[in-house]
Amino acid sequence: MAQGKTDMVGLLSMVGTPIGNLSDASPRVVETLRDADAVLCEDTRVTGKLLAHFGIRTPLERADENVLASRIPGILDRIVGGAHIAFVSDAGMPGVSDPGQRLVDAALDAGLPVEVIPGPSAVVCALVASGLPMERFFFEGFLPRKAGAQRERLSMLAAIPAALVIYESPRRVAATLRVIAEVMPARRVALVRELTKLHEEVLRGTAAELAEQTGELKGECVLVIAPPSKEERAPQVTVADLDEAIRIGLAAGENKSSLAKRLAKELSRPKSEVYDRILELA
C-alpha cells in the first residue's frame, strides 16, 4: 500500500518519470506505478512503453490537456472512494508546464491527499549541464510561437536578474535563437538537448552563434540564458538625470567632491565624469 493511502480515502500520486533514460526511474517510482489502481497520462503509447519496460500492468487512462479538465470531478470521486490514482506526464515532473497542476489544485481544494514522487526534471538537468551562473533562475517554459509575441515576451524577461530556462521544439529552436539574439545579443546561451540520452549535447555561445550552428535537430531542446551582466542591470541614466541630481545636491549645499563621489556610486558613472559636470553646472 502506498504511503499516505488509508482505508477511507484514496490518494493522488504525482509521479516524475524519466526524461530519456529509463534507468533513471527510481524504485519508488516503479513501486508507485505498480501499486496504483490507474495511471493517468498524456499519451498511453509513451507511458505504455515505460510500464512495459518494468513489467507493470496497471491500467492506463488518457488524461492530456484536451480531456483532463472535464475528467477532474470523476477522478476526485474515485479518490474519495478509496482509489489510488497516479498521474504522469510523457517525461519529467508532472504539473510543471503541464495540465496536472489543475488536478493537484482541485484535489487539495477538496481536502484529498496528494503526494509527489520525485523524478528527473529537464529544468534542473539543463541548468546544471549549461555551466552558466544559476544562483537564481526563472522557468519560462514555452515562449509564444509568433516572432512578434516572442520578442515582446523576451524583452520583459531580459530584465529578470536570473538565468532563464526556456523549452523549445527542435523544429523551432533556430528561429527562437534568432529572436533571442535580437533582444539579448550579448548574453551567453546554452542549448541543451537529448538530456540523459546517448546523444546528449550542450552547445554554448551567443544566441546568434548558436543559431548559425543549429541545423535540423532531434529531441526536445532546453535553452538556458545567462543572467544579465552588471552593465545590463545598471539603470540607464541620461545626462538630464545627472544634471538634475547635481542641481539638487548643489542647492542642498553639498560639497562638490562629496557630491561627485555619491552620485558616481548611485548612478554607476565615473567619478571624474560626474565631477567635471558638477564644475560646469556650479
Is the count of non-hydrogen atoms from other residues, nucleotides or ligands lying under 6.0 Å from Glu182 atom CD greater than 12?
yes
Show your working on side chain to side chain contact (heavy atoms under 4.5 Å, CB included) between Leu164 and Glu140 and close with a plain yes or no.
CA-CA 7 Å; Leu164 306 175; Glu140 171 68 7; 6.0 Å; no
Are Leu223 and Val128 linked, directly or through other ILVMFWY residues, by side chains that come within less than 4.5 angstrom of each other?
no
Atom CZ of Arg172: over 12 foreign heavy atoms under 6.0 Å:
yes
Does Glu273 have more than 12 heavy atoms from other residues, nucleotides or ligands lying within 6.0 Å of its CD?
yes
Specify the closest pair of heavy atoms between Val173 and Pro170, including all atoms of both residues, with the distance to one decimal.
CG1-O, 3.6 Å
Donor-acceptor pair, Thr58 side chain versus Val39 backbone, under 3.5 Å?
no
Side-chain (Arg28) to main-chain (Pro118) donor-acceptor, under 3.5 angstrom
no
State, to 0.1 Å, how close Ala181 and Ala208 come at their nearest heavy-atom pair, and which atoms those are.
CB-N, 3.7 Å
Applying a strict under-4.5 Å side-chain criterion to I, L, V, M, F, W and Y, I'd like to know whether Leu195 and Ile166 cluster together.
no
Quickly, which of Leu51, Asp43, Thr44 forms a side-chain contact (heavy atoms from CB on, under 4.5 Å) with Thr47? Name it, please.
Leu51
Do Val189 and Val124 share a hydrophobic cluster (ILVMFWY, side-chain heavy atoms under 4.5 Å, transitive)?
no
Is the number of heavy atoms from other residues, nucleotides or ligands within 6.0 Å of CZ (Arg171) greater than 12?
no
Does Asp98 reach the main-chain N or O of Gly95 with its side chain, forming a donor-acceptor pair under 3.5 Å?
yes
Is it the case that the side chain of Asp37 and the backbone of His84 share a donor-acceptor pair, with hydrogens and angles ignored and the cut-off at 3.5 Å?
yes
Show the numbers, then the answer: is there a side chain to side chain contact (heavy atoms under 4.5 Å, CB included) between Phe87 and Leu103?
CA-CA 9 Å; Phe87 187 98; Leu103 177 58; 3.7 Å; yes
Hey, is NZ on Lys218 packed in by over 12 heavy atoms from elsewhere, all under 6.0 Å?
no
Which atom of Pro120 lies closest to which atom of Pro18, heavy atoms considered
CG-CA, 3.9 Å
I'd like to know whether CD of Glu201 has more than 12 heavy-atom contacts from other residues, nucleotides or ligands below 6.0 angstrom.
yes
For Arg71, give me all partners under salt bridge (Lys or Arg N to Asp or Glu O under 4.0 Å), at least two apart in sequence or on another chain.
Glu61
Go through the steps for Arg204 and Ser130 under the test side chain to side chain contact (heavy atoms under 4.5 Å, CB included), then give the verdict.
CA-CA 8 Å; Arg204 306 200 316 164; Ser130 75; 5.5 Å; no
For the hydrophobic clusters of this structure (ILVMFWY residues joined by side-chain heavy atoms under 4.5 Å, transitively), does one cluster hold both Met93 and Val222?
yes
Would you confirm whether Arg34, through its side chain, and Ile56, through its main-chain N or O, come within 3.5 Å as a donor-acceptor pair?
no
What pair of heavy atoms forms the shortest contact from Pro228 to Ile160, and how long is it?
CD-O, 3.3 Å
Val104-Val80 co-clustered via ILVMFWY side chain contacts under 4.5 Å:
yes
When you measure from the side chain of Glu200 to the backbone N and O of Thr196, does any donor-acceptor pair fall under 3.5 Å?
yes
Going through the checks in order, is the side chain to side chain contact (heavy atoms under 4.5 Å, CB included) test met by Leu191 and Leu217?
CA-CA 11 Å; Leu191 166 58; Leu217 299 177; 4.1 Å; yes
Exercise: identify the closest heavy-atom pair between Ala126 and Val192
O-CG2, 4.0 Å
Shortest non-hydrogen separation from Ala174 to Ala211 and the atoms involved
O-CB, 4.1 Å
Please, which pairs that meet ring-ring contact (aromatic ring centres under 6.0 Å, His included) have at least one residue in residues 151-182, sequence neighbours excluded?
Phe139-Tyr167, Phe142-Tyr167
